[in-house]
Structure formats: structure tokens, C-alpha cells
A.B. asks: 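So that we are looking at the same thing, I have put the structure below in C-alpha cells.
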Amino acid sequence: MPIPKIHPESRGQRHSLLIHCLQALLSLTILIAALLAHRAHAIETVHFTGDKVSLLPLLEFVSERNGETLDEILVRPEEDWHHRQNINNNLGQTSQPVWARVRLAGVSEAFGQPIVRLNYPHHDYVDFYLFERGRMIRHFSAGDQLPFDSRPIDQRTFWFPLDDASADEQEIYIRISTPGPLLMPLDLMSYKEAAEEEKLLYLWAGAFLGIIAIMALYNLFLYFSLTESSYILYVLYLLSAGVMQATMFGFGEQYFWGDRPGVNNQVIAFLAPFVQLTAMAFVLKFIDLKNFGSVLDRSVAYLMLFTLIVMSIASFTVPYSLIVKLGHSIALFGVVCALYIGIKGWVMGMKSARLFTIAWFAHLVFIGWYLLDMTGKIPATELGNHAFAIGFIAELSLLSIAFADKMNQEKELRINSQTKLLDMQVAMNQELDNKVKERTSALEKANRRLEELSVTDGLTKLFNRRYFDQVFRDHYEQSYKDQHPISVMMVDIDFFKKLNDNYGHAFGDLCLVRAAQLIRKVVTMPGAFAARYGGEEFVVVLPKTTEERAAQVGEILRSAFEKTTVTQGNQSKNMTISIGVACTIPSQPGLEEKLLSVADACLYQSKENGRNQVTRSEQLDEAG
Ligand SMILES: Nc1nc2c(ncn2[C@@H]2O[C@H](COP(=O)(O)OP(=O)(O)OP(=O)(O)O)[C@@H](O)[C@H]2O)c(=O)[nH]1
């Protein structure tokens with residue numbers, strides 16, 4: 001604002017010296033007072049020497065009243081202008097546009113294209129006026145409610161060139177109208193330095209967004225291979241948070257929707273609750289709240305989810321300023337909720353909840369640092385400027401580790417239960433196997449028994465006739481093949497009918513049993529076997545045995561019978577037997593019946609000759 005000039009009055013009339021002196025004194029006093037008064041309200045002057053100067057501490061502010069014009073602002077009384085009350089960068093939210101002014105000195109092209117930079121990309125309207133010697137020489141209109149092209153320099157934040165400056169001093173007036181927080185990080189600097197800083201920021205932002213993109217891709221891949229829904233929720237959270245951060249950096253306005261004024265606010269209003277929504281949904285799924293949370297926990301969590309859904313939808317209709325205010329409180333509440341859930345899971349011994357809690361805590365610490373840095377509560381540093389992004393990356397990294405840890409635990413559980421299941425299956429198979437073996441052996445035993453029964457005679461336990469016929473044929477054939485002699489002995493108890501009649505049938509049975517025992521006892525040669533041929537008649541087959549040897553065995557047997565007394569109760573009896581022995585070296589197979597009939601004939605001969613004797617086929621021939 002031009003400094004008002006004050007002219008001492010001079011009327012040129014002659015007065016007394018005293019009056020002149022008094023007048024001069026009074027005028028001097030008024031002049032000094034005016035100068036002092038002016039000095040009290042003078043615009044702060046910033047001397048530019050080429051180095052970056054932060055203008056914020058030197059700015060004077062005034063709130064616009066009912067659509068005041070620039071001219072009206074210029075004539076506002078000096079006492080309306082004031083410096084900030086505190087050192088915060090953030091001037092809070094205000095419904096009225098705010099004007100700021102400052103005087104610059106020493107601005108020269110010699111310092112390399114000096115600019116004034118408003119390093120915050122989200123104000124709706126920013127008007128920049130440059131005055132020189134009380135005359136406006138430049139006016140720029142920018143802001144995210146105006147097309148991106150309207151900016152004097154194409155940058156994501158607002159850069160105003162001072163290249164028209166020619167006088168020693170300029171005054172700048174800036175009008176900001178915005179529904180969001182009124183941040184005024186205003187700097188006087190060279191274009192070169194601003195471009196250098198911007199490069200550094202691009203490096204930060206590139207690394208930050210790159211990490212998010214890689215993590216999102218990686219988790220998307222995991223989702224497709226494992227089809228576990230927490231992965232897709234995490235991917236949604238990463239993507240929405242990434243887009244939100246890119247928008248907050250100002251890249252959306254710069255590269256995507258700069259030609260559509262107003263979209264930027266819309267995107268922020270929608271994404272702010274949506275990021276929280278995906279984060280909440282992920283947290284609930286990750287911690288498995290429905291299994292360990294109390295009814296109150298669940299109610300609060302689902303109410304929160306519901307609120308966020310409503311907010312995301314409402315962001316299309318509710319004013320941006322309201323969404324921003326609501327968003328801050330809900331976000332804070334959401335972070336606290338997630339921290340509470342994490343701590344509870346930790347206390348209840350959930351291993352992955354520990355990492356999860358540390359992740360959220362790290363997030364909170366960095367947000368705190370960022371807010372303290374931004375509001376000037378602690379000295380501003382380059383690291384502090386990016387504390388929010390660092391916190392976010394730290395949180396995402398820890399969450400990823402927690403996530404992997406949880407998945408590992410679940411995998412271990414799955415493998416354990418699979419192993420248990422497999423063990424159970426093996427044990428069951430083993431049991432089944434044992435049972436089958438048991439049953440098979442029982443069956444085999446029964447079969448053997450059945451076979452025994454089918455081949456043995458029930459009373460004497462010698463082989464039965466059926467079995468004899470079968471086996472005798474085989475032996476005969478074998479003897480034919482080997483051309484060895486085979487002998488047959490027919491044994492018949494003498495007068496058995498009489499024995500039955502005299503001693504009873506039961507005693508007769510006992511005699512048959514004793515007879516079988518005697519035969520078994522005497523006929524012990526390898527390969528020999530005896531069978532019950534009929535009633536009281538037995539047959540003995542002696543392979544590889546000559547007739548002479550067979551007759552000797554017959555004699556031993558006959559003698560054994562003679563000497564043996566069968567006793568039952570008070571009954572006792574000595575049996576005699578008649579034996580017929582025949583032998584042959586088979587000249588052809590299948591003639592076994594013939595050998596039998598010869599032996600039978602010999603037996604008949606023994607009976608004829610008076611019983612209790614052995615007759616050989618040789619004797620038969622002699623007799624015949
Ligand atoms: N106790 C008993 N007797 C039997 C059995 N099988 C056959 N017998 C009897 O044996 C007797 C055989 O009699 P016979 O064929 O006339 O012969 P035998 O009386 O011994 O006269 P020889 O042979 O000429 O000395 C019959 O009375 C049959 O009932 C049996 O399993 N148990």
C-alpha cells in the first residue's frame with residue numbers, strides 16, 4: 001500500500017515568533033506522531049538476497065468482508081491488518097476469503113527468476129497481485145477451482161513470477177478463498193531453487209508411490225494364487241491410499257483432472273473416508289474381530305464401517321468443508337479403534353497382532369511428527385515435511401510383515417491339521433489292514449479245518465476214502481514216472497461183526513479208533529500214508545517200497561494188533577487183523593485200481609487161510 005505523504009501546512013502569514021515556534025513544534029510533534037503511527041502499521045519489508053525467504057512470519061492478514069474488492073481492501077484501515085497470533089502454518093478453516101500482504105525489496109533478475117511460491121496445492125482460489133510504486137503491475141488467478149492452465153507457471157503448487165519487477169520495492173497482495181484448511185507456506189525464492197526442491201519431492205513421491213504400487217501388485221498376485229479375501233482388502237487399501245497420497249501431492253490436478261475444476265475436491269472428499277473404509281475392513285478381517293472381539297467391539301467397528309460407507313457416498317453431495325472436518329475426526333477415531341483392536345489382540349496372545357499394533361503405532365507417531373512440523377510446534381525439517389509419507393511406508397511395511405506372519409501361521413496350522421489328518425488316515429489304514437489280516441487268517445484257518453474235515457475220517461482221523469482215491473492216483477503216477485515200486489496193504493479187522501455184537505457198537509468204535517492209532521504208530525516211513533477204506537477195513541500206501549519190505553511192515557502191524565488189548569470199563573478185547581500186500585513198478589499210469597484189487601485178493605486169501613496173517617501177491621501167484 002502506498003505510504004501516505006504528509007505536508008506541513010504553511011500559510012505564509014506573519015505571526016508572532018512564539019506562535020510560529022509553537023506551530024512548528026506542534027507540526028513537528030504531529031509529523032513525528034504520524035511517522036511513528038505509520039511506522040507502527042508499515043508493511044513488513046523483506047530483503048531478497050537470492051536465498052529462500054519464508055514470507056509467512058512477515059505476512060499481514062485481513063479477512064474479506066462481504067465480497068470486498070481489491071480497491072476496498074487497499075483502503076482498509078491499517079489497524080485492520082494484523083500478523084498471525086501464533087506460529088502455526090495452518091490458519092484453520094474459515095468461511096471468509098483471507099488477504100495477506102508483504103513488501104519485497106531487492107527483487108532482481110540477477111538472483112535468477114525470483115518467484116513467490118505458495119507451497120500447498122489444494123486452495124480453491126488464489127489471487128496474486130504485484131504492486132510497484134502504488135501501481136498494480138501483475139495479477140494472476142489460480143486454484144483448483146480454475147483450470148490448471150490459468151496458472152502462470154505449470155507446477156503442482158502455486159508459483160508466481162516476479163520477473164516484471166523493476167523498482168527497488170514491490171508489494172504483494174494475495175487473496176485465498178478455500179473451504180479446506182488455510183495453509184500458507186509462502187516463500188520468496190529463485191525459480192532454480194524451487195525447481196531443485198521440486199525434483200527432490202518428485203524423488204520422494206516417486207519412491208513412495210512406487211513402493212505402494214509394488215506392494216499392491218505383490219498382494220494382488222498373492223490374492224489370485226491364494227484367493228484369501230484379506231489380500232484383496234489390503235490391495236484396495238494400498239491403492240486407495242496411494243491415489244489419495246498422489247492427489248495430496250497435487251499430481252491429480254497437475255496430470256489428470258487439471259482441466260476439470262472442482263474434481264480435485266471431489267476426489268479428496270471421496271477418498272478420505274474410502275481409505276479409512278478399506279483400512280477398517282482390512283483390520284477387521286486381519287484381526288478376525290468376529291472371533292475374539294466383544295459385542296461392544298463389534299458394534300463400534302461395524303458402526304464405524306457404516307459411517308465410512310455413508311461418508312463415501314455422501315461425499316458427492318455434502319459440502320467439501322464439512323467432509324474435511326468430519327473426515328479428520330473419523331480418521332482419528334478409526335486409527336484409535338485400530339490401535340485398540342491391535343492391543344487387545346496382543347494382550348489375548350495373537351502373535352500377528354503385535355506387529356500390527358506396532359505398525360499402527362508407528363503410523364500415529366509419524367502423523368504426530370508431521371502435524372507438529374506442519375503447525376510449527378517443532379522446528380521444520382525436510383524429514384518432518386515427509387513424516388506423513390514415511391509413517392505411511394513404515395506402517396505398510398510392518399503391516400506387510402504382520403500379514404505375511406499371519407499367513408505363515410495359518411499355513412502352519414493348515415499343514416499341522418493336514419499332517420494330523422494324514423496320521424489319522426495312516427492309523428486307520430493300519431487298523432483296517434490288521435483287521436483284514438486277522439479276518440484272512442481266521443478264514444484260512446477255517447478253510448484248513450474245512451479241508452481237513454473233507455479229507456479225514458471223522459471217527460479214526462485217518463484220511464477218508466475219497467482223499468485216498470485222489471492221492472493214491474498221484475502216487476501211482478509218480479511211481480510210474482520214477483519207475484519205483486509202490487506197495488499197497490489192505491488191512492481188515494477179523495470178526496468185527498461179532499465184536500460189535502458181543503461188546504456193542506460203541507466199543508466197536510473204540511476198537512476202530514485204537515486200530516487207526518496202531519496203524520499210525522507202525523506206518524512211519526516217509527511218503528507212506530494210511531486211510532480208512534470202509535467199515536473196519538484200512539488201506540496203507542507205501543511208495544518206493546518193495547513187496548517184501550511191505551510184508552515185513554504188515555507183519556509188524558499184525559503182531560502189534562495181536563498184542564494190544566482194547567479196554568473200556570470192564571470190557572477188554574484183543575483184535576486180530578488180516579492183511580493183503582501187493583506191489584508193482586507201474587508199466588503205465590491209471591492202473592492203480594488193479595494194484596488195489598490184487599491187494600484185496602491177498603486179503604481175501606488171508607481170511608481164507610484162517611485170518612490173523614499177511615498174504616503177499618507172490619504167495620497168491622504161487623497158490624493160483
Ligand atoms: N462199531 C462199528 N461197526 C462197524 C462200523 N462200520 C462197519 N461196522 C461193522 O463191521 C462189521 C463188518 O462185518 P463183516 O463185513 O461181516 O466182517 P467180519 O464180521 O469182520 O468178518 P470177517 O471180515 O470175515 O472176519 C459189520 O457188522 C458192520 O456193521 C463202524 O463204523 N462202527
Side-chain angles (χ1 to χ4, degrees), residues 449-472 487-523 529-542 547 550-551 553-583 593-620 622-624:
R449 178 90 190 107
L450 220 65
E451 214 173 298
E452 261 171 41
L453 285 175
S454 68
V455 300
T456 46
D457 170 57
L459 182 67
T460 61
K461 307 296 180 220
L462 288 176
F463 290 121
N464 59 23
R465 172 78 180 268
R466 197 166 54 82
Y467 184 69
F468 165 78
D469 289 343
Q470 201 182 310
V471 175
F472 178 48
S487 295
V488 174
M489 218 161 53
M490 295 298 288
V491 181
D492 190 279
I493 303 171
D494 299 330
F495 304 117
F496 196 66
K497 185 175 180 314
K498 211 186 279 177
L499 189 146
N500 261 341
D501 295 345
N502 294 344
Y503 295 89
H505 203 266
F507 189 76
D509 280 354
L510 181 65
C511 288
L512 286 172
V513 172
R514 290 281 182 269
Q517 285 170 350
L518 280 172
I519 294 169
R520 234 185 258 120
K521 201 172 161 189
V522 172
V523 181
F529 76 96
R532 188 178 178 193
Y533 198 67
E536 85 305 9
E537 198 174 355
F538 302 93
V539 63
V540 177
V541 179
L542 301 160
E547 189 171 285
V553 176
E555 189 49 40
I556 295 168
L557 189 63
R558 188 202 61 75
S559 162
F561 265 82
E562 204 172 36
K563 290 173 192 156
T564 302
T565 307
V566 181
T567 307
Q568 188 179 48
N570 50 5
Q571 293 181 318
S572 58
K573 171 79 179 152
N574 283 48
M575 294 179 285
T576 61
I577 51 172
S578 298
I579 297 175
V581 177
C583 178
E593 285 298 326
K594 195 177 168 200
L595 183 63
L596 268 181
S597 65
V598 175
D600 205 39
C602 292
L603 171 63
Y604 180 75
Q605 195 60 53
S606 291
K607 293 274 181 192
E608 279 294 301
N609 293 346
R611 297 185 171 78
N612 192 20
Q613 57 190 274
V614 180
T615 305
R616 297 165 49 187
S617 62
E618 255 179 41
Q619 294 165 308
L620 198 66
E622 282 162 20

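Values reported hereafter were calculated over all heavy atoms of this structure, with side chains retained and with hydrogens, waters and symmetry mates removed. On a predicted model such as this, the values are computed, not experimentally measured, just so you know. Just follow the structure's listing: the first ligand is 1, and inside any ligand the first atom is 1.
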A.B. asks: Is it true that Asn612 and Arg558 share a donor-acceptor pair across their side chains at a distance under 3.5 Å?
C.D. replies: yes

A.B. asks: Looking only at heavy atoms, which two atoms of Glu547 and Glu618 are closest? And how far apart?
C.D. replies: OE2-N, 3.2 Å

A.B. asks: Is it true that the side chains of Gln517 and Arg514 contain a donor and an acceptor less than 3.5 Å apart?
C.D. replies: yes

A.B. asks: Over 60° means perpendicular and under 30° means parallel, so classify the ring planes of Phe468 and Phe472, tilted if in between.
C.D. replies: parallel

A.B. asks: Yes or no on side-chain contact (heavy atoms from CB on, under 4.5 Å) for Val553 and Val581, after CA distance, side-chain angles and deciding distance?
C.D. replies: CA-CA 10 Å; Val553 176; Val581 177; over 6 Å; no

A.B. asks: Test side-chain hydrogen bond (donor to acceptor under 3.5 Å, both in side chains) on Asp492 and Ser578 and set out the steps.
C.D. replies: CA-CA 5 Å; Asp492 190 279; Ser578 298; over 6 Å; no

A.B. asks: Around ligand 1, what residues show up once you keep those with a heavy atom under 4.0 Å from it?
C.D. replies: Asp492, Ile493, Asp494, Phe495, Phe496, Lys497, Asn500, His505, Gly508, Asp509, Leu512, Arg532, Gly535, Glu536, Lys607, Arg611

